[in-house]
Amino acid sequence: MPIAQDPLSVEVTLPREDVALLTVEGYLDVDTATEFQHHLANQLHHGRRHFLLDLSAVPFMDSSGMNIILRVYQEARELPGSVHIISPTSAVRRILDLTGVSITVPVSESLDEALERVDGLPGAPAEPGA
């Protein structure tokens with residue numbers, strides 16, 4: 001079985017108990033979308049409500065990747081929770097803008113900006129020590 005030419009790498013970190021940061025590297029397309037979906041489903045299963053998707057190392061994303069982002073967005077809204085895209089590459093940003101996904105799913109330029117958006121949501125937990 002041949003190895004994918006551009007395998008997907010997804011690193012999951014937890015900046016807060018209910019916030020999962022998924023740092024994605026590689027092509028997010030029909031060949032790799034299922035792996036990305038498994039990482040998101042695992043975080044949903046573990047009670048995460050907010051998903052920060054760092055796409056700064058994703059040179060290409062097709063409709064498979066966008067569909068997964070929109071699906072987790074719908075699931076997170078029902079919790080209630082949120083999805084935020086962080087620093088998409090220019091090619092990915094163009095696709096997000098052309099398809100209108102960037103209107104639905106907030107796009108931030110940094111992790112701090114995305115966390116501020118999470119904090120500004122109705123019912124967001126207060127910062128520890130605040």
Side-chain angles (χ1 to χ4, degrees):
M1 180 173 179
I3 296 174
Q5 192 165 358
D6 291 300
L8 188 72
S9 166
V10 180
E11 180 183 334
V12 179
T13 54
L14 305 174
R16 301 189 187 146
E17 186 177 332
D18 65 345
V19 177
L21 169 62
L22 289 87
T23 303
V24 185
E25 185 175 337
Y27 284 45
L28 188 49
D29 57 21
V30 68
D31 293 327
T32 60
T34 302
E35 179 182 350
F36 181 50
Q37 183 175 5
H38 285 306
H39 285 283
L40 288 164
N42 186 43
Q43 294 307 309
L44 275 166
H45 175 76
H46 284 91
R48 312 295 178 244
R49 299 182 322 123
H50 303 285
F51 300 88
L52 311 180
L53 311 177
D54 182 339
L55 304 183
S56 61
V58 176
F60 174 81
M61 179 173 68
D62 69 7
S63 61
S64 303
M66 285 187 301
N67 286 335
I68 290 169
I69 290 171
L70 289 171
R71 193 174 311 134
V72 76
Y73 172 81
Q74 289 294 337
E75 290 180 38
R77 281 188 56 184
E78 293 172 8
L79 292 174
S82 63
V83 175
H84 303 268
I85 296 170
I86 300 172
S87 300
T89 57
S90 58
V92 171
R93 178 64 190 243
R94 181 171 161 79
I95 296 295
L96 295 171
D97 289 346
L98 287 172
T99 59
V101 172
S102 60
I103 294 169
T104 305
V105 181
V107 177
S108 300
E109 294 306 314
S110 69
L111 173 60
D112 289 339
E113 182 183 338
L115 286 170
E116 286 176 17
R117 287 180 174 206
V118 169
D119 291 340
L121 295 171
E127 275 291 307

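Remember, it's a predicted structure, so these values are computed and weren't measured experimentally. Values below: every heavy atom of this structure, side chains too, minus hydrogens, waters and symmetry copies. Residue indices begin at 1 and follow the sequence shown.
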Visitor: Atom OG in Ser63, atom CD1 in Ile68: separation rounded to 0.5 Å?
Guide: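 Result: 10.0 Å between the selected atoms.
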Visitor: For the side-chain contact (heavy atoms from CB on, under 4.5 Å) test, which of Val10, Leu28, Val83 pairs with Leu53?
Guide: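 So, applying the side-chain contact (heavy atoms from CB on, under 4.5 Å) to Leu53 and each of Val10, Leu28, Val83, only Val83 qualifies.
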Visitor: Just verifying a value: how many Å separate Phe51 CZ and Leu79 CG, rounded to the nearest 0.5 Å?
Guide: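 That separation rounds to 7.0 Å.
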Visitor: Looking only at heavy atoms, which two atoms of Asp62 and Ser64 are closest? And how far apart?
Guide: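 Scanning both residues completely, I find the closest heavy atoms to be OD1-N, 2.9 Å.
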Visitor: With a 4.5 Å heavy-atom cut-off, do Phe36 and Val58 have their side chains touching?
Guide: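 Result no, sub-4.5 Å side-chain heavy-atom pair not found.
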Visitor: Sort out for me which residue in Glu75, Arg49, His39 forms a side-chain contact (heavy atoms from CB on, under 4.5 Å) with Leu44.
Guide: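 Result: among Glu75, Arg49, His39, Glu75 is the only option passing the side-chain contact (heavy atoms from CB on, under 4.5 Å) with Leu44.
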Visitor: Check Pro59 against Val92 and note the closest heavy-atom contact, atom names and distance.
Guide: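 Taking every non-hydrogen atom into account, C-CG2, 4.4 Å.
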Visitor: Less than 4.5 Å apart, side chain to side chain, heavy atoms only: is that true for Arg93 and Ile85?
Guide: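 Counting from C-beta outward, Arg93 and Ile85 never come under 4.5 Å.
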Visitor: Mind checking the CZ-NE2 spacing from Arg16 to His50? Nearest 0.5 Å is all I need.
Guide: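 Here the rounded value is 9.0 Å.
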Visitor: Return the minimal non-hydrogen interatomic distance between Ser108 and Pro88, and the atom names on each side.
Guide: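 So the minimum-distance heavy-atom pair works out to O-CD, 4.4 Å.
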Visitor: Hey, could you give me the NE2/OH distance between His84 and Tyr73, rounded to the nearest 0.5 Å?
Guide: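 Here the rounded value is 9.5 Å.
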Visitor: Asp54 versus Thr13: any side-chain heavy-atom pair under 4.5 Å?
Guide: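 Side-chain contact under 4.5 Å: no.
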Visitor: Do side-chain atoms of Thr32 reach the backbone of Tyr27 as a donor and acceptor pair under 3.5 angstrom?
Guide: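 Yes, Thr32 side chain to Tyr27 backbone: donor-acceptor pair under 3.5 Å.
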Visitor: Looking at every non-hydrogen atom in both residues, tell me the closest pair between Ser82 and Val118 and how far apart they are.
Guide: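 Distance-wise, the nearest heavy atoms are OG-CG2, 4.0 Å.
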Visitor: Could you tell me whether the side chain of Gln37 reaches within less than 4.5 Å of the side chain of Val72, counting heavy atoms only?
Guide: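 They are not in side-chain contact.
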Visitor: Given 3.5 Å as the limit, does a donor-acceptor pair link the side chain of Ser87 with the main chain of Glu109, or not?
Guide: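 The answer is yes, because a donor-acceptor pair under 3.5 Å joins these two groups.
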Visitor: Rounded to the nearest 0.5 Å, how far apart are OG1 of Thr104 and CE of Met66?
Guide: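 Between Thr104 OG1 and Met66 CE, I get 11.5 Å after rounding to 0.5 Å.
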Visitor: As a test of understanding, state which of Asp112, Leu21, Val107 forms a side-chain contact (heavy atoms from CB on, under 4.5 Å) with Ile86.
Guide: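 Result for side-chain contact (heavy atoms from CB on, under 4.5 Å) with Ile86: Leu21.
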Visitor: Can a donor-acceptor pair be found, under 3.5 Å and without considering hydrogens, that links the side chain of Arg48 to the backbone of Glu17?
Guide: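 Pair found, side chain donor or acceptor close to backbone of Glu17.
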Visitor: Quiz question: by atom type and distance under 3.5 Å, do the side chains of His38 and Asn42 form a donor-acceptor pair?
Guide: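 Distance-only check fails for His38 and Asn42.
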Visitor: Which distance, rounded to the nearest 0.5 Å, do you find between the CD of Glu113 and the CZ of Arg117?
Guide: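 Between atom CD of Glu113 and atom CZ of Arg117 there are 5.0 Å.
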